[in-house]
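Have a look at the structure below, then the notes.
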Amino acid sequence: MIPFDIESIDSGTTDLPAIAELGTSDVSLMGRWVELGKLFLCKPGCEMEGAAVMLSRLLSRRDSAAVLRPEFIEWAAREITNAARPIDTTAVNAGLQIGSVLRINGALRVLCHLFSAMDSHATLDAQIPMLLDIFQMDAFDQHSITRKLISKAVQRLALLMLPATNAEMGRAYARPSLRENLSNNAGAASDSMRDDEAESPDVEVPLEMEAFVGILLQKLHDKDTIVRWSAAKGIGRISERLPMALAREIVLAVGDILKDETLVDNGLIDVAMTTEYSWHGALLCLAELSRRGMLYAQALRQIVPWVVRGLTYEIQRGDYSVGSNVRDAACYVMWSLARIPNPSSKRVFAEMSVEMATTLISVAVFDRESNVRRAASAAFQEHVGRQSAFPHGISVLQLADFFSVGIMRNAFVVTSRKIAEFDEYKHPLLHHLCTVTVYHWDLKTRELAVKALRELAPLSPAYVRTHLLPGIVANVASPFLAVRHGAITAVAAIAETIAVELVSHTDASKMVLDVADSIPARYIEDFGASLTLAALTTYMGSLSRAGWSIGEAQGKYFALFELAFITCKTVDDIVVDFTSFVDACNLTPDQRLRIVVFCASISIVKHTQVASSGTSRESFVLAVGALEKPSDLELLCSLVAEGTTVEIRRNAAAALGQFCTRARDGGRLSITWEHSAILALSQGLEDHSVDNRGDVGSWVRKQSLQSLARIFAADSQTFQRLNERNGELAIRLLGQILCSTTEKIDRLRVAAGHMLEILLYEQRVEAADSRLCEGLEQLRRLVPAQPNDSR
């Protein structure tokens, strides 16, 4: 900036080409600069920003303020007004052209920079009504950058009309050191009494300030985050310069935004009818007000419960939800509350410390979004360091640090289990888990919530039985699929982990056993039937593993398993639960026959699609792995080699490995059964089927290798018995495994390598064929043994 009047260096030259291109009648140097800046204000690149900065600095000079500034502001107002008029007024949705938007944004950028650089609003009194009309225009609703610039211009003009911040306002009673701030001395009470009565010096507030604040409060409802964020910062800065009475009115007005369209019933805040935009903007504004010391004891008692509710704000919209930004903003508010300098807040936090701490920890370990979990952990850390009011603050913070809560599975299953060992957090964590997280719209989140419930329920079985189980059981027949699935799986987890507690109480055991009967038939037949059936199989498997007495419900449970195998696309977990069911409740001959006949029938039918679900019934073959008759083994062996579809052959290979493992554990696996299974799986290694999906035979080969690994890993003498019974099969099997190690598919090579390692280093081969002995010895030299921890 030139430190002297620009007129002193104005030569008045007008015959230069660059000046002639401007086409202006103003021959003064400052006038030509202004016209040059106007020329670049409508450019879309960095030229607009550069021109705005240049013009703001030029117009903020003392030698140009009286002459050029009022004229330029009037020009900017006319430019915005003219550009805001749609070209085609007859169109239904007449919007602004891109050129008009650039003109508006350029003029607004100059005003934003100019209001920030000016020292006084003395020369703006005549232009303020005109500017207010522009700021309140409705023509900019479709342009977020324009609305953000209006928000910035409003707040900077308001700040220009107010005196500078009083450093003592809101901070008069701040402690000079951290030690004094954390001490509970007697003076804190008297200070807090004076705190709410503190008044700022008299400040003359312009009449237009109410309109400015109203515009910014309206911007808190904007649909774009950048606009809400700018308005929140503007309200915080303006409130800092207002008298305390007016600042408190603004705080209450922001708090009322949270209460709009909100239902409160018996202390419970229902946000189903609210908009996430309003909540997000209000919470951001409260955080800015809190950072500046504008929230005092009375306001805190009214606002903190709403902020705590914002920590769990989530509204489902179809197959997704909104509210993660609201939860993140609520964490920001909690973080900023810990930094309030006035000591009266310490008393309020002491009253609400348990509720705040438990809610923050529940969000830090059970929220779906990693940024929200980390924000909650940061807010908890800030309160522990500054307020020292949270129970077991340091110990809990070491468990729920930034890295621990960053990984979703670790936060849900590991970190929550460790924190729940503290009595103050045990029941709130369980309550949050059973009332919020298990009903989450996201399937992965619900599954992790159930795993966490299995870890936490044994810590307080009586509380789960009396306070949580009735509410969960009431939702097992919910019309909402996510709620129904979460409730059924949660009951399964509770029934398995605290079975001893539930069985000893008749009412609780009755609630658990009546779950399957309370599910309407339409929920397992219509849309969402596969997810409901999967949850029911988990429930029935949990009852079987926990030793519950099923009694006459065995037939109904078997029918549900049968329907699940037919309907569900992914049946790996269903097979595990069905195996537990078979172990706990012996199947009747008719039920065994139904499985075998069904598998035999689909083995000769090429197209077995169910129109209602669109999934294949070939997965039913996996159920045979839970049986134990010789005829079942023969059926599986035939399906591995002769199944009509690749899915049948793959599932038969998987069921064959499970069958042999269960038979060996029960002492029923004979050498003949073992030989038949290995022979069938050897045939599966020769499956090279190809269709429009590619090398689908690789599915069978991979599953055959995995089933062989299960059979051989269970007994170190398996290969020796195979060699003694059928030496050619043993040599052929070794060759097939070696061929599989050269496959182009990575997962196939991994499975083959694991199987080869079992043969070389876990099987004992004695008095074998010389060719086999030499081959194994050469392979041991080529393939060294790996450490156990790397397998």
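Counting only distance, with no hydrogens or angles, the side chain of R373 and the backbone of V405 share a donor-acceptor pair below 3.5 Å. Side chain of R228 to main chain of D222: a donor-acceptor pair is present (N/O by atom type, distance under 3.5 Å, no hydrogens or angles). The main-chain N or O of V110 is never found under 3.5 Å from a side-chain atom of S56 such that the two would form a donor-acceptor pair. At least one donor-acceptor pair closer than 3.5 Å links the side chain of Q387 to the backbone N or O of A338. Looking only at distances, no side-chain donor or acceptor of S290 sits under 3.5 Å from a matching main-chain atom of L286. Using modelled atom types, no side-chain atom of S239 and backbone atom of G236 make a donor-acceptor pair closer than 3.5 Å. A donor-acceptor contact shorter than 3.5 Å links the side chain of Y425 to the backbone of P391.
Counting heavy atoms from C-beta outward, Q155 and S230 have side chains that approach closer than 4.5 Å. A 4.5 Å side-chain heavy-atom check between L102 and L41 finds every atom pair outside the cut-off. Put simply, the side chain of V438 does not reach to within 4.5 Å of the side chain of V483, judged on heavy atoms. Within the 4.5 Å cutoff, the side chain of V326 has no heavy atoms near those of the V271 side chain. For the pair M273/T262, no side-chain contact is recorded, criterion being any heavy-atom separation below 4.5 Å from C-beta on. Residues R291 and R339 form no side-chain contact, since every pair of their non-hydrogen atoms from C-beta on lies 4.5 Å or further apart. The closest side-chain heavy-atom distance from R57 to V53 is below 4.5 Å. Residues I128 and M161 form a side-chain contact, since some pair of their non-hydrogen atoms from C-beta on lies under 4.5 Å apart.
Interatomic distance, I150 CD1 to C112 SG, rounded to the nearest 0.5 Å: 9.0 Å. The line from CG of D367 to OG of S377 is 12.5 Å long, rounded to the nearest 0.5 Å. Taking OH from Y320 and CZ from R317, the interatomic distance works out to 7.0 Å, rounded to the nearest 0.5 Å. We find the CG-CG distance between D328 and L311 to be 10.5 Å, quoted to the nearest 0.5 Å. Taken from OG1 in T225 to CG in L284, the straight-line distance is 8.0 Å, to the nearest 0.5 Å. With rounding to the nearest 0.5 Å, the separation of CG in L114 from CG in L55 is 9.0 Å.
Salt bridge annotation for K148-D224: absent, with no cationic side-chain nitrogen under 4.0 angstrom from a carboxylate oxygen. Salt bridge status for E288 with R292: present, with a side-chain N to carboxylate O gap under 4.0 Å.
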For the pair V333 and I303, evaluate side chain to side chain contact (heavy atoms under 4.5 Å, CB included) and give the outcome as yes or no after the intermediate values.
CA-CA 10 Å; V333 177; I303 290 173; 5.7 Å; no
Using the rule given for side chain to side chain contact (heavy atoms under 4.5 Å, CB included), can you reason through I226 versus I145, listing the C-alpha separation, both sets of side-chain angles and the distance that settles it, and then say yes or no?
CA-CA 8 Å; I226 56 174; I145 299 298; 4.0 Å; yes
Report the C-alpha distance between M54 and F40 in whole Å, list the side-chain angles of each, state the deciding distance to 0.1 Å, and finish with yes or no for side chain to side chain contact (heavy atoms under 4.5 Å, CB included).
CA-CA 11 Å; M54 184 272 291; F40 287 96; over 6 Å; no
Apply salt bridge (charged side-chain N to carboxylate O under 4.0 Å, His left out) to E240 and R237, showing your working.
CA-CA 5 Å; E240 197 173 18; R237 291 164 182 162; over 6 Å; no
With side chain to side chain contact (heavy atoms under 4.5 Å, CB included) as the criterion, how do I269 and L258 come out once you've worked through the C-alpha distance, each side chain's angles and the decisive distance to 0.1 Å?
CA-CA 10 Å; I269 301 175; L258 300 176; over 6 Å; no
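For T312, the side chain to side chain donor-acceptor pair (under 3.5 Å) criterion is met by R309, not counting sequence neighbours. By the ring pair (Phe, Tyr, Trp, His ring centres under 6.0 Å) test, H383 is found to be paired with F349, F390, residues two or more places apart in sequence or in another chain being considered. In this structure L263 satisfies the side chain to side chain contact (heavy atoms under 4.5 Å, CB included) test together with D270, sequence neighbours excluded. Remark: T435 pairs with H431 by the side chain to side chain contact (heavy atoms under 4.5 Å, CB included) rule, at least two apart or across chains. Checked against side chain to side chain contact (heavy atoms under 4.5 Å, CB included), S116 has the following partners two or more places apart in sequence or in another chain: R156. Contacts of R78 classified as salt bridge (charged side-chain N to carboxylate O under 4.0 Å, His left out), with partners at least two apart in sequence or in another chain: none. Checked against side chain to side chain contact (heavy atoms under 4.5 Å, CB included), T445 has the following partners two or more places apart in sequence or in another chain: R368, M408, F412, T437, H440, D442.
The minimum heavy-atom distance linking I419 with L429 is given by the pair CG2-CD1, 4.0 Å. Closest of all the heavy-atom pairs between V205 and P243 is CG2-CD, 3.7 Å. Between F135 and L157, the closest heavy-atom pair is CE1-CD2, 4.0 Å. Shown here for M334 and V307, the closest heavy-atom pair between the two residues is SD-CG1, 3.7 Å. Shortest non-hydrogen contact noted between T274 and I315 is O-CD1, 3.6 Å. When every heavy atom of A482 is checked against every heavy atom of Y439, the shortest pair comes out as CB-O, 4.2 Å.
For residues 261-294, every residue pair satisfying the ring pair (Phe, Tyr, Trp, His ring centres under 6.0 Å) rule, not counting sequence neighbours, is listed here: W279-Y313. Applying the salt bridge (charged side-chain N to carboxylate O under 4.0 Å, His left out) definition to pairs two or more places apart or across chains, those involving residues 97-111 are E49-R109, E79-R103. Residue pairs meeting the salt bridge (charged side-chain N to carboxylate O under 4.0 Å, His left out) criterion with at least one partner in residues 249-260, sequence neighbours excluded, do not occur; the list is empty.
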Check: residues 209-221 side-chain donor-acceptor pairs under 3.5 Å, at least two apart:
unit_1	atom_1	unit_2	atom_2	d
H221	ND1	S278	OG	2.7

Anything under 3.5 Å between a donor and an acceptor, one on a side chain of residues 354-366, the other on a protein residue two or more places apart or in another chain? List them.
unit_1	atom_1	unit_2	atom_2	d
T358	OG1	V354	O	2.8
T358	OG1	E355	O	3.1
T359	OG1	E355	O	2.7
S362	OG	T358	O	2.8

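Counting heavy atoms of neighbouring residues, nucleotides and ligands inside a 6.0 Å radius, atom CD of E74 exceeds 12 of them. At most 12 non-hydrogen atoms from other residues, nucleotides or ligands lie less than 6.0 angstrom from CD of E71.
Judged purely by distance below 3.5 Å, without hydrogens or angles, the side chains of W441 and Q316 never pair a donor atom with an acceptor atom. Between the side chains of S321 and E314, a donor-acceptor pair is found at a separation under 3.5 Å.
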